[in-house]
Amino acid sequence: MKILSAGQIREIDAKTIHYEGISSLELMKHAAGAFYDWFTKKYTDKNDAILILSGVGNNGGDGLMVARLLHKAGYRVQACVVEYSENYTEDCAHNVRRVKAENIPFKRITKEKEIPNFSEYDILIDALFGTGLSREITGIAAEVIKKMNESGKTIVSIDVPGGLFPDKKTTFAVEADETVTFQIPKLALYLPDNYRFVGNVTIVNIGLSEKAIAEASTNRYLIEKKDIRELLKPLSKFAHKGTQGHALIIGGSLGKTGTVCLASKAALKTGCGLVSAYLPKCGTPVIQTHFPEAMAIEDDNSAFITHIDYDISPNAIGIGIGMGKREETQHAFYRFLQKNALPMVIDADGLNILSLHPEWLDLLPPKTILTPHPKELSRLIGEWSDDYEKIEKATAFAQKYRLIVIIKGAYSLIIDSDNLYVNDSGTPALATAGSGDVLTGIIASLLAQGYEPGHAARVGVYLHGLTANLTQQTIHPRSFVASDIIDNIGNAYFTIENGMIKK
Ligand SMILES: NC(=O)C1=CN([C@@H]2O[C@H](COP(=O)(O)OP(=O)(O)OC[C@H]3O[C@@H](n4cnc5c(N)ncnc54)[C@H](O)[C@@H]3O)[C@@H](O)[C@H]2O)[C@@H](O)CC1
Ligand SMILES: Nc1ncnc2c1ncn2[C@@H]1O[C@H](COP(=O)(O)OP(=O)(O)O)[C@@H](O)[C@H]1O
Ligand SMILES: [K+]
């Protein structure tokens, strides 16, 4: 799904009105209706006292229309307009008149003492500003937002939290628990710096013109299940282990050989035909006891890797996990990079070693996949002042070395040449030891199966996250462990292929 800028969204709104031959008020009706449907499914108690805080633009118009729908359905609603400007849009002014005509409790707020006492309400709906925000918020709107954020009440934002800039850094905005956004994802909703403003994000369809959306050009996308379904390779009836690819996982050191077990098992469970693990001697009994399907290749050293030599012919490599950064291991890694031309995913200590020797980055085959979490990323590209700068620097880095960079997080970001993909599968259950090792194994497996690296990155990250969504009801997020990801890779494939189990 395309991620678009505020300007592009405005254009799509206008084109929808033109192409579909509907009025802007009708489009607002669709938007308010979509929000209402979502809201009434989630908040079913009609005794909840709901305060709707609208602005004077079309986002405010949405809020007032929502007030009318909720009132009609029997909810206890108080509507307000925070009059930060006298320039009401036509559709907002229309809805103010309708709210009054329908005898819905209504209030204008122009100064601080007119701000209602939020403690009398259960839910605050924020319709103050949407994608039309053009500058920092001051005056009465800022007072209202400050009080909303201090209220401790559940806040639900319409389209975007009031004050959130869709395309640049935000420092002050409504701190919502839920944001229900209209059809087009906005990048700001998925950035870690903005989580305190955005809360959980839900996208609802409002019937924007598909033609208008198709005409908008972008290089930013939110990954959807159907995109991944299209990327999956079919499994041939005549498949045998020799056709399904051979992944080699290289890593481990004394006390950290579990990482290689996890990645190797994840690789096999993701569908490659063979998995070998290269580890120091101490790891062999561990992997052979716990994961007999893998073949083990031993380093000469018992506690850490000192050279990476093998006489097998894998199709792809996953390297770096649990490997440590000892001098001998660094040299072994360097010599390995000098001769390796296979598709590769590098994680953890592999990344840390590269940040100690940035000149080695030139040795990586094009489209090598790096999977840093934010700390590892900062070692590679330096610090950043905000998420936008992080993306800019990571993109420049990825392009310079022709790499694919996966910035891991609650929403992982995949940078592949000019393109940015946002992944929203996954839950906080994944914040558990070994979760990243499993991702390395999944991606190495996909590479070994012949997936183009950009596809392997997207399919891998999506599959990995989906395992957590699928087990939300059966495994408490606190007790979900990395092995649970591995155990559910098959279910994730089922879900993607059949759409049988809803995410
Ligand atoms: N026909 C349409 O264009 C549709 C628009 N929709 C809604 O309309 C929203 C966009 O509406 P608008 O473009 O009217 O703008 P907003 O309602 O987001 O903002 C209101 C107006 O406030 C002014 N403003 C911006 N920043 C300000 C600041 N810091 N202090 C004071 N005033 C400021 C601007 O003139 C802006 O137009 C979307 O987010 C969505 O909720 C939906 O109803 C779908 C249809
Ligand atoms: N809150 C979260 N929501 C969704 N995914 C998450 C969350 N926290 C972590 N993850 C995912 O879990 C994995 C953690 O990887 P990493 O930080 O390398 O962990 P480890 O070093 O323990 O293996 C990443 O793929 C990341 O995207
Ligand atoms: K809003």
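Counting starts at 1 for both ligands and their atoms, following the listed order.
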Tell me, which protein residue and heavy-atom name are nearest [atom], and how many Å apart are they?
atom	answer
atom 16 (P) of ligand 2	Lys408 NZ, 3.7 Å
atom 8 (O) of ligand 1	Asn58 CB, 3.1 Å
atom 10 (C) of ligand 1	Thr131 OG1, 3.7 Å
atom 5 (N) of ligand 2	Leu430 CD1, 3.5 Å
atom 41 (O) of ligand 1	Asp62 OD2, 2.6 Å
atom 8 (N) of ligand 2	Ala431 CB, 3.6 Å
atom 13 (O) of ligand 1	Gly132 CA, 3.8 Å
atom 23 (O) of ligand 2	Gly436 N, 2.6 Å
atom 4 (C) of ligand 2	Thr427 O, 3.2 Å
atom 4 (C) of ligand 1	Asp13 OD2, 3.6 Å
atom 17 (O) of ligand 1	Asn59 N, 3.0 Å
atom 16 (P) of ligand 1	Gly130 N, 3.6 Å
atom 26 (N) of ligand 1	Ser134 N, 3.0 Å
atom 25 (O) of ligand 2	His464 CE1, 3.3 Å
atom 13 (C) of ligand 2	Ser435 OG, 3.1 Å
atom 1 (N) of ligand 2	Pro428 CA, 3.3 Å

Any idea which atoms of ligand 1 are less than 4.0 Å away from a heavy-atom of [X]?
X	answer
Met28	43 (O)
Gly57	14 (O), 17 (O), 20 (C)
Glu136	29 (N)
Ser24	1 (N)

State whether the shortest distance between N or O atoms of Asp159 and N or O atoms of ligand 1 falls below 3.5 angstrom.
yes
Cation-pi, Tyr19 ring and Lys211 (6.0 angstrom, 45 degrees):
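Cation-pi check for Lys211 and Tyr19: passes.
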Output yes if [X] passes the N/O/S-under-3.4 Å test against the K ion (ligand 3); output no otherwise.
X	answer
Asp159	no
Ser157	no
Phe129	yes

Applying side chain to side chain donor-acceptor pair (under 3.5 Å) to Lys186 and Thr131, what does each step give before you reach the verdict?
CA-CA 9 Å; Lys186 295 98 185 149; Thr131 50; over 6 Å; no
May I ask which of [options] has a heavy atom nearer to [atom] than the others do?
atom	options	value
atom 22 (O) of ligand 1	Phe182, Tyr88, Tyr84, Phe165	Tyr84
atom 44 (C) of ligand 1	Ala127, Ala14, Ala31	Ala31
atom 29 (N) of ligand 1	Arg10, His30, Glu26, Arg135	Arg135

Given OD1 of Asp126 on one side and OD1 of Asn59 on the other, what angle do they make at the K ion (ligand 3), to 10°?
110°
Angle subtended at the K ion (ligand 3) by Val160 O and Ile158 O, to the nearest 10 degrees, is 70°
If the threshold is 4.0 Å, N to carboxylate O, is there a salt bridge linking Glu114 and Lys111?
yes
Decide yes or no for Leu124 and Val174: does some side-chain heavy atom of the first lie under 4.5 Å from some side-chain heavy atom of the second?
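Side chain of Leu124 against side chain of Val174, heavy atoms only: no contact under 4.5 Å found.
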Looking at ligand 2, does Asp347 have a heavy atom less than 4.0 Å from it?
no
Quick check on Ala433 - does any of its heavy atoms sit under 4.0 Å from an atom of ligand 2?
yes
Drop me the distance from Lys408's NZ to Leu413's CG, to the nearest 0.5 angstrom.
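So the gap between those two atoms works out to 13.0 Å.
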In this structure, CG of Asp177 is separated from NZ of Lys153 (nearest 0.5 Å) by 12.0 Å
Using a 4.0 Å cutoff against the non-hydrogen atoms of [X], which atoms of ligand 2 qualify?
X	value
Thr432	22 (O)
Asp437	23 (O)
Gly434	20 (P), 22 (O), 23 (O)
Ser412	27 (O)

So which bit of Phe129 gets within less than 4.0 Å of ligand 1, heavy atoms only: side chain, backbone, both or neither?
both
Under 4.0 Å from atom 20 (C) of ligand 1, can you find at least one protein heavy atom?
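Given the 4.0 Å cut-off, atom 20 (C) of ligand 1 counts as touching protein heavy atoms.
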Might you check, step by step, whether the distance between atom 21 (O) of ligand 2 and some protein heavy atom is under 4.0 Å?
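Within 4.0 Å: no protein heavy atom nearby.
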Please test Thr89 against Asn58 for side chain to side chain donor-acceptor pair (under 3.5 Å), starting from the C-alpha separation and ending with a verdict.
CA-CA 6 Å; Thr89 59; Asn58 282 348; 2.7 Å; yes
Could you walk me through whether Lys390 and Asp387 pass salt bridge (charged side-chain N to carboxylate O under 4.0 Å, His left out), step by step?
CA-CA 5 Å; Lys390 173 179 72 185; Asp387 287 326; 3.2 Å; yes
Could you tell me whether ligand 1 has any atom less than 4.0 Å away from a heavy atom of Leu27?
yes
Note: Tyr451 and Leu231 closest approach over all heavy atoms is CE2-O, 3.3 Å
